[in-house]
Peer 1: 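Following this message is one structure expressed as structure tokens.
For this chain, numbers begin at 1 and follow the sequence in order.
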Amino acid sequence: MKRLELGGRSVAPPAATVEAVPFAELETTPGARGVVLSPEIDFPQIAPFLDRLDLVVVTFPLFRDGRGFTQARAVREYGKFGGEIRASGHVLPDQANYLRRCGVDAVMLPDEADEAPWRRELARFHTAYQPSVLDGPLGALRRKIG
């Protein structure tokens, strides 16, 4: 698998030694700095662990399962998570901008995957009408003032 950075935030990826453990093993794995969230994990379940993590991986079992977007946004916005959020699983290039706007920093792609469609989608839109976790509080204030 290869990591494709989505941009939007200037965050250094965690050290290659950071391994993500399944959420069910987080409490029993001392020193774990990364976690893999399955779609059924809700934000209140992960919130107590965020201050010790450097990496959160949200999984997409199907491209039409949008719970990973909700998880990423909640972790970034409500949890004030400053580490890296990665998307893994069945993600499509046309979801790139939505992933980025929800706070995802990178996607994991198969080694043979072509990155060109992802780069095209990331460069496609420069304006959005809805607020994003990328905007922060000042972005929302600027939109109100005009």
Peer 1: Is there side-chain contact between Phe49 and Glu27, with heavy atoms separated by less than 4.5 Å?
Peer 2: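 Yes, side chains in contact.
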
Peer 1: State yes or no: do Leu53 and Met108 share one hydrophobic cluster built from I, L, V, M, F, W and Y residues joined by side-chain heavy-atom distances below 4.5 Å, directly or via other members?
Peer 2: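 No, it is not one cluster - the side chains of Leu53 and Met108 are not joined through contacts under 4.5 Å.
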
Peer 1: Is it the case that more than 12 heavy atoms not belonging to Tyr98 sit under 6.0 Å from its OH atom?
Peer 2: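 Counting other residues, nucleotides and ligands, OH of Tyr98 stays at 12 neighbours or fewer.
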
Peer 1: Could you tell me which non-hydrogen atom of Ala87 sits nearest to which non-hydrogen atom of Val91, and how far apart they are?
Peer 2: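 Nearest pair, atom of Ala87 first, then Val91: CB-CG1, 4.2 Å.
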
Peer 1: What are the two closest heavy atoms between Ala113 and Lys2, and how far apart are they?
Peer 2: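 So the two residues come closest at O-NZ, 2.7 Å.
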
Peer 1: Drop me the distance from Met1's CE to Glu112's CD, to the nearest 0.5 angstrom.
Peer 2: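 Nearest 0.5 Å value for the CE-CD distance: 9.0 Å.
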
Peer 1: So do Phe23 and Val36 actually touch side chain to side chain, heavy atoms under 4.5 Å?
Peer 2: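 They are not in contact (no side-chain heavy atoms under 4.5 Å apart), so the answer is no.
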
Peer 1: How close do Phe63 and Gln95 get, heavy atom to heavy atom, and via which atoms?
Peer 2: O-NE2, 3.1 Å

Peer 1: Between Gln71 (side chain only) and Thr59 (backbone N and O only), is there a donor and an acceptor less than 3.5 Å apart?
Peer 2: no

Peer 1: Under a 3.5 Å distance rule, please check whether Asn97 uses its side chain to pair with a backbone N or O of Glu121 as donor and acceptor.
Peer 2: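 At least one qualifying donor-acceptor pair exists.
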
Peer 1: Taking 4.0 angstrom as the limit, do Arg76 and Asp105 come out as a salt bridge?
Peer 2: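 Yes.
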
Peer 1: Please report the shortest heavy-atom distance between Arg100 and Leu122, naming the atom on each side.
Peer 2: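 Distance-wise, the nearest heavy atoms are NH2-O, 3.3 Å.
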
Peer 1: Hey, could you give me the CZ/CD distance between Arg3 and Glu84, rounded to the nearest 0.5 Å?
Peer 2: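 Interatomic distance, Arg3 CZ to Glu84 CD, rounded to 0.5 Å: 4.0 Å.
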
Peer 1: With a cut-off of 6.0 Å (strictly less than), are more than 12 heavy atoms of other residues, nucleotides or ligands near CD of Glu25?
Peer 2: yes

Peer 1: Are any non-hydrogen side-chain atoms of Val35 and Ile41 less than 4.5 angstrom apart?
Peer 2: no

Peer 1: Just how far is it from atom CD1 of Ile85 to atom CG of Leu6, taken to the nearest 0.5 Å?
Peer 2: 11.0 Å

Peer 1: Would you check if Phe43 and Leu50 make a side-chain contact, meaning some heavy-atom pair closer than 4.5 Å?
Peer 2: yes

Peer 1: Compare every heavy atom of Leu92 with every heavy atom of Trp118, then report the nearest pair and how far apart it is.
Peer 2: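 Result for this residue pair: CH2-O, 3.3 Å.
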
Peer 1: Can you tell me how far CZ of Arg52 sits from CG of Leu26, rounded to the nearest 0.5 angstrom?
Peer 2: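 Here the interatomic distance stands at 4.5 Å.
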
Peer 1: Rounded to the nearest 0.5 Å, how far does CG of Asp42 lie from CZ of Arg67?
Peer 2: 9.5 Å

Peer 1: Roughly how far, to the nearest 0.5 Å, is the CG atom of Asp54 from the CZ atom of Phe81?
Peer 2: 6.5 Å

